[in-house]
Structure formats: C-alpha cells, structure tokens
Amino acid sequence: MMRGRAPTRDEKRLAWALWALAFVALWLTESAVGYTRDESVYFIAGEHYAGWFQQLFRSPARALTDAAIVRGWDYNHEHPVLMKTLFGLSHLLFHTGLGWMRSATAFRLPAFAMAALIPALTFLLGSAMYGRVAGLFGALAFMLAPRQYFNAELACFDVPVAAMWLLVVYCFWRALEDARWGLWCGVAFGLTLATKHNALFLPFVLTPFALWRAWSESEGQPEARAWLGRFVGVFAAVAVFYGLLVLSLGGGEGFQRKFLLLSPHTLLFAGLAVGGAWVLKGVDKVSAPVTRALVPIAAMAVLGPVIFYLHWPYLWHHPVDRTAWYLAFHAKHNHYAWFYLNQLLREPPFPLAYVVVKTALTVPTSLFVPMVTGLSALLARAVLGAFAKTRAWVERPVTMTEALVGVNAVASILIISHPQVPHFGGVKHWFPSMVFLGILAGAAVARGCTALWERLKAKWPSLPQVAVAAPVLAVLLAPALVYSVRVFPYGTAAYSELAGGLPGAATLGMQRQFWSSHVTGVLPWINANAKQGARLFLHEVHGGSFRDYQRNGMLRADLRAVGSPADADIVAYQYHQEFREHEFLTWQAFGTRTPVTGLYVDETPQVVVYVRPQAR
C-alpha cells in the first residue's frame, strides 16, 4: 500500500516552477479573453463584498449588523463567497487602490493563482505515484486542453474548485504518512465548501478509502479494531439522532425552524466533535496508522462546516435558513437549453453518454487517448487482480493510492452523467475528474516511454531515459499546444480531432460556443464603424459584461446597450441553435439577411453582425 510520501527538494522546485509558469501564462494572455455572463456577475459581487470590508474597517459595529451584511452580501448569494471575496479584494487593492492593473485583470488575478495550483499539485501527486514523466505530463495536460485553459482565465469557480478538490485529495493522501496532514485536509475541505457546492460530494468519495485503510491497518489488532468500531459508532449515532430529530419535528422544515444556537441540533454537532476527538485519542494509543486514516474524516466533518460558516458573513445571523436556501437552490437548478448531436436538450432526462461523448469531442486526441488508456489499464488491473485465476496476469496489484486517483477520475463524471442533473456549460462541471484523468494519462505515457527506452537500450546501452521521454512528451503535447494557441481566445469553440474540429462539430450538431465571450471578435469592427451613440444589441451579453467591455477599453464608451433587435442600430448575434429566433427578429427589424461582418473560427460562424440600413 503506497503511503503519502513527502516530495523531494527537486520535486518541490519543479512544482513551484509549474505554478509560476501557469500563473504567468494566464496573466500574460487574459486581456484577449471576453467576459462571460457569470464572470461579470462575480465582478459585481466582488465589488459589493470589498465595499463591506471597507465599511468593516471604518465602522465595525455597524458593518456587523445583519442589515449591513445583507446590503453587502445579498448580491449573488447563490454561491459561497471565497473566490468572489478574493476577486473583490484583489480589485480593491490592485486596481482601485494602487492602479497597477486594469479592472478585469485585478479581478481575475486570484483565479490565476488558484488555477496554477493544478499543475503544481498534479505533478507532486503524479510523480510520487508513477515518476516525474507521468507527473509532468499530467500537469501540462490539464492546462493545454483549450477549454480548460479558457476557464482558467476567468474569475469564476469551476477551475478553482477543481484545484481545491485536488488539494483535499492530496492532503488526504499525505495524511497516510503524517496525521497533521489530516487536519490540513479538514481545512482544505472547508475552503473547498467555500469555493463551490461540488465539495459536498468529497466526503462520500474519501470516507470509504479512510475506512478501508483503517480496517486494513487494524487487522490482527483487536483493540485497534474496537476503536475503529467506536469511531464509526459515533458518526452513525449522530446521523441516527439527526434523523430522529427530523422525524420528530415534522420533517425538514420543522427541523430547520428549530435549528438554533442552543438546540439539540447544535449539541449533536458538538457531540460529534468531542466524541470524534475522544476516539482518535484512544486509537492513537494503540495504532498510529489507524489514527492517520481517520483524522481526515473527523477533520472534514468538524472543520468543514465551521470554515464554511465563518467564511460567509451572510450566514452569521441566520445560518440555518440561508444555508438551507443555498442548498435548495442548487438542488433545483435551472435547466438551460443546450445543443447536442442535433438534439436541443431543454429538460431531463438527458443522454447518459453526454459527458463521455462531450469529453471525447473536446479534449485534444493526443491527450484523450492516454487518459482512456491509463484509466482502462487501471480498471483492468483492478478486475484481474480481484480473481485468483487471473491475479498472476497482473504485474502488481492496484494500490490504495491508485484506487483513490481512479475513483476521483470518474467521480465528477458519474455525478454529472446522471440523466436528471442539468447538462450545460460545456465541460466545466467535471473539471475535478479531468485533473485525475491527466495523472492516469501520465502513467500510461510513462509506461510507454519506459518500454521504448528498454528496447532502445539493447542497441544504445548508454541512452538516458530522458532522451526517449522528452520527444514522446513533445509529440503528445504539441498538438494540444498548437490547437490551444490557434483557437485562443475562443476556448468554448474548441473541438478535438475526433469531432473533426469545429467544422466537424457543427456538422454533428454540437453547441458552437457559449457564455457570450466570443463577442470580442467583432468589437474592434463595431468600435471602428458604429456611429456616435449607436444602440447595440449584443446577443447573450450580460448587462454587466457590456459595462466591463466599456470600462476595460474594449468597447467605446458612447455606445448604448439595448434589449432587443427592434431597438438596435447594430446587432451582434451569437450563433446558438436554441436562440435562432433572435436572428429572425433581426432580419425582420432590419429588413436584411446580410451580415456586414462576423467572427468565423475555422470558417464556422460564431458571431454575426447586422447593421440597420438607416444607421449606416
């Protein structure tokens, strides 16, 4: 069983170098990336939250009242606020205060720092498991996938939550060797809860591994096994008592109304914390390995909710009601229309194969094939190793660490693949899986490099392994890099070789782009040709995004936003099958079907611009 070893000094240096490389690359290229609907909402939210911190500094007593907190934090309370707070404080410091950066760059800076954690941590985990070639391939693979790089540029949550998910798993793995990392796992889990609701699934992914490890390590130790039973008993008892409370109080609404600071609900949570600590102290006297396995679970259970509550002032005065609203919002999330293989998906049930097909058609093939190979090899080893007749065929059994990576490689994919879960947003909702698929891809590539090196050594005994690994990595990574550069900054239009590129994807009936950011491709023409004070209908562009284009110097300040083609002098229509009526309305209002310009990526229309004849 592989334990969570600490990185070597050289590995730490390489990890920091990967972090710096990713951070600088994102910073240097972000100015070309447009503003998505979500991002502009988070810009506004960040400004609100930063304003509350200014009030807190000037007048603490007034800022801590619920009325002041609601004024500062009510905007976009559909999501936790860790990243939005960082966006706002970064903007307050680097744009408003110091004037070092334009507005959008200052907002996005914390997102770059979070995204850069992915290659760094991927390298540390991958190199510990399969060697540095595997770790390096996995680290670079994530950032070279065009859609992932595009999302890493944004002041949004999808890449940060993938980074935080990876951090939690890394801390959990390190806790196999050092119990202190179990406490860090709890802290990281709390910060992941504070990033996005994806984190709610992490305990269900990690707890079986903790119990498996504890059960294995306590074999032949009756006293350690007894303490493990007590640990499980404490959690089970608390869960049962919470269930009884729900039943006795007439269901979820009654449970919510009676959940106060001084109530059985709070007492049970305190009992879980005290009981868990007591059991861990007892088990530590008889088995340190069992203790290391259980500390992360106890830390996540206790520190996670506490950090989540403390990080969000909006919850401070009404934690139960507002948390319940937040959870209910995501449990009943809207279903947005989405075009997939010539089907317009509007409501569930959605196609079971959607996530796998979408991944295959968007991840560069030179990255996707190693991912499939690595995952398939791991599954094959696990299945063959489970049976006595085939166990001899397996070179080595699957370790717990490999199983941990394998489960995390499919966890987000399986969750989103459920036919009742909303399917929209391209591939961003299963980014946590893509991180671990990159590690498995690295393992497949490293095995191939080793096999090739061993064959070549027969002819050239002094051939160093790097002389084989370097060109193999270059051959596999170069297509993704070239395509990422070619499609940039229109990342949501990226389709792989399996799709036939963007033209092939259009023929297949796939969503050509989304989130409205591609309008940047026609803004220079609009700036150069629109009359003074012209009225613009930028289809799918959020009002906040229109403002952000103007305040970041990408759109003339005299141009005015309007809400329909009928009121516009110029229409920039984002090509969406589900919104074709907007183009028909434009033809009707303008009396022409001929666009004056547009954005075409690989000759595929993304945004087309119409001008009212009278406004020319």
Any ion pair linking [Y] and [X] (charged N to carboxylate O, less than 4.0 Å)?
| X | Y | result |
| --- | --- | --- |
| E402 | R396 | yes |
| K196 | D158 | yes |
| R5 | E11 | yes |

Could you name each residue pair satisfying ring-ring contact (aromatic ring centres under 6.0 Å, His included) that touches residues 371-411, not counting sequence neighbours?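 Applying ring-ring contact (aromatic ring centres under 6.0 Å, His included) to every pair that reaches into residues 371-411, excluding sequence neighbours, yields nothing.
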According to ring-ring contact (aromatic ring centres under 6.0 Å, His included), does anything in residues 258-300 pair up with another residue at least two apart or in another chain? List the pairs.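 Applying ring-ring contact (aromatic ring centres under 6.0 Å, His included) to every pair that reaches into residues 258-300, excluding sequence neighbours, yields W227-W278, F255-F259, F255-H265, F259-H265.
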Verify, without hydrogens or angle tests, whether [X] (side chain) and [Y] (backbone) share a donor-acceptor contact under 3.5 angstrom.
| X | Y | answer |
| --- | --- | --- |
| S433 | S412 | yes |
| H423 | I416 | yes |
| E39 | C156 | no |
| R147 | T362 | no |
| R225 | W215 | yes |
| K84 | N76 | yes |
| T390 | A386 | no |

Consider only side-chain N and O atoms of [X] and [Y], and report whether a donor and an acceptor are under 3.5 Å apart.
| X | Y | result |
| --- | --- | --- |
| T8 | R132 | yes |
| W338 | Y354 | yes |
| T401 | W173 | yes |
| T359 | W430 | yes |
| E217 | S287 | no |

Residue pair [X] / [Y], side-chain heavy-atom distance below 4.5 Å:
| X | Y | result |
| --- | --- | --- |
| L121 | W19 | no |
| Y170 | L124 | yes |
| L476 | V369 | no |

Grab the two heavy atoms, one from [X] and one from [Y], that are nearest each other, plus how far apart they are.
| X | Y | answer |
| --- | --- | --- |
| M371 | L437 | CG-O, 3.6 Å |
| C449 | A469 | SG-CA, 3.8 Å |
| F235 | A298 | CZ-CA, 4.1 Å |
| A293 | A214 | CB-N, 3.8 Å |
| F189 | L202 | CE1-CB, 4.1 Å |
| R292 | D178 | CD-N, 3.6 Å |

Spacing of [atom1] belonging to [X] relative to [atom2] belonging to [Y], to within rounding of 0.5 Å:
| X | Y | atom1 | atom2 | answer |
| --- | --- | --- | --- | --- |
| F142 | L367 | CZ | CG | 11.5 Å |
| L440 | T373 | CG | OG1 | 10.5 Å |
| L206 | L404 | CG | CG | 6.5 Å |

Tell me, please, which residues at least two apart from H318 pass side-chain contact (heavy atoms from CB on, under 4.5 Å).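 Scan of H318 (side-chain contact (heavy atoms from CB on, under 4.5 Å), adjacent residues dropped) gives D66, R322.
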All side-chain contact (heavy atoms from CB on, under 4.5 Å) counterparts of L414, not counting sequence neighbours: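 L414 satisfies side-chain contact (heavy atoms from CB on, under 4.5 Å) with V410 only.
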Give a yes or no on whether [X] atom [atom1] has more than 12 heavy-atom contacts from other residues, nucleotides or ligands under 6.0 Å away.
| X | atom1 | value |
| --- | --- | --- |
| R230 | CZ | yes |
| E78 | CD | yes |
| F241 | CZ | no |
| Q420 | CD | yes |
| W16 | CH2 | no |
| E253 | CD | no |
| F201 | CZ | no |

Evaluate side-chain contact (heavy atoms from CB on, under 4.5 Å) for V398 paired with L378, printing each intermediate quantity in order. CA-CA 7 Å; V398 173; L378 181 63; 3.8 Å; yes
Hey, does the Lys NZ or Arg CZ of R174 hover above the aromatic six-ring of W184, less than 6.0 Å from the centre and inside 45° of the axis?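 No, R174 and W184 do not form such a contact.
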Does the pair R213 and S218 meet the rule for a side-chain hydrogen bond (donor to acceptor under 3.5 Å, both in side chains), with working shown? CA-CA 9 Å; R213 169 101 194 287; S218 63; over 6 Å; no
Quick one: list whatever passes ring pair (Phe, Tyr, Trp, His ring centres under 6.0 Å) with [X], sequence neighbours left out.
| X | value |
| --- | --- |
| H429 | F424 |
| F368 | none |
| Y495 | none |
| W73 | Y49, W52, F53 |

Derivation of the side-chain contact (heavy atoms from CB on, under 4.5 Å) call for V283 and E223: CA-CA 8 Å; V283 74; E223 194 173 355; over 6 Å; no
Aromatic ring pairing H311/F308, orientation class (parallel under 30°, perpendicular over 60°, tilted between):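 Rings of H311 and F308: tilted, as their planes differ by 30° to 60°.
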Would you please indicate yes or no on a ring centroid separation below 6.0 angstrom for Y42 and F157?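 Here the rings of Y42 and F157 have centres that are less than 6.0 Å from each other.
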Check for me whether the distance between the ring centres of H335 and F350 falls short of 6.0 Å.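 Yes, the ring of H335 comes within the 6.0 Å limit of the ring of F350, centre to centre.
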Just grab all the side-chain hydrogen bond (donor to acceptor under 3.5 Å, both in side chains) pairs involving residues 114-129, residues at least two apart or on different chains.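 The answer is none; no pair qualifies.
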Could you give me the CA-CA distance, side-chain angles and deciding distance for W165 and V205, then say whether side-chain contact (heavy atoms from CB on, under 4.5 Å) is met? CA-CA 11 Å; W165 186 299; V205 175; 4.3 Å; yes
Could you walk me through whether W312 and H77 pass the ring pair (Phe, Tyr, Trp, His ring centres under 6.0 Å) check? CA-CA 10 Å; W312 199 348; H77 62 267; 7.8 Å; no
Not counting sequence neighbours, which residues clear side-chain hydrogen bond (donor to acceptor under 3.5 Å, both in side chains) with N198? List them please.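 N198: no side-chain hydrogen bond (donor to acceptor under 3.5 Å, both in side chains) contacts found.
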With sequence neighbours left out, what residues match E153 under salt bridge (Lys or Arg N to Asp or Glu O under 4.0 Å)?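 Applying salt bridge (Lys or Arg N to Asp or Glu O under 4.0 Å) to E153 gives none.
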For R346, enumerate each residue passing the salt bridge (Lys or Arg N to Asp or Glu O under 4.0 Å) test, keeping only those at least two apart in sequence or located in another chain.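 For R346 there are no salt bridge (Lys or Arg N to Asp or Glu O under 4.0 Å) partners, ignoring immediate neighbours.
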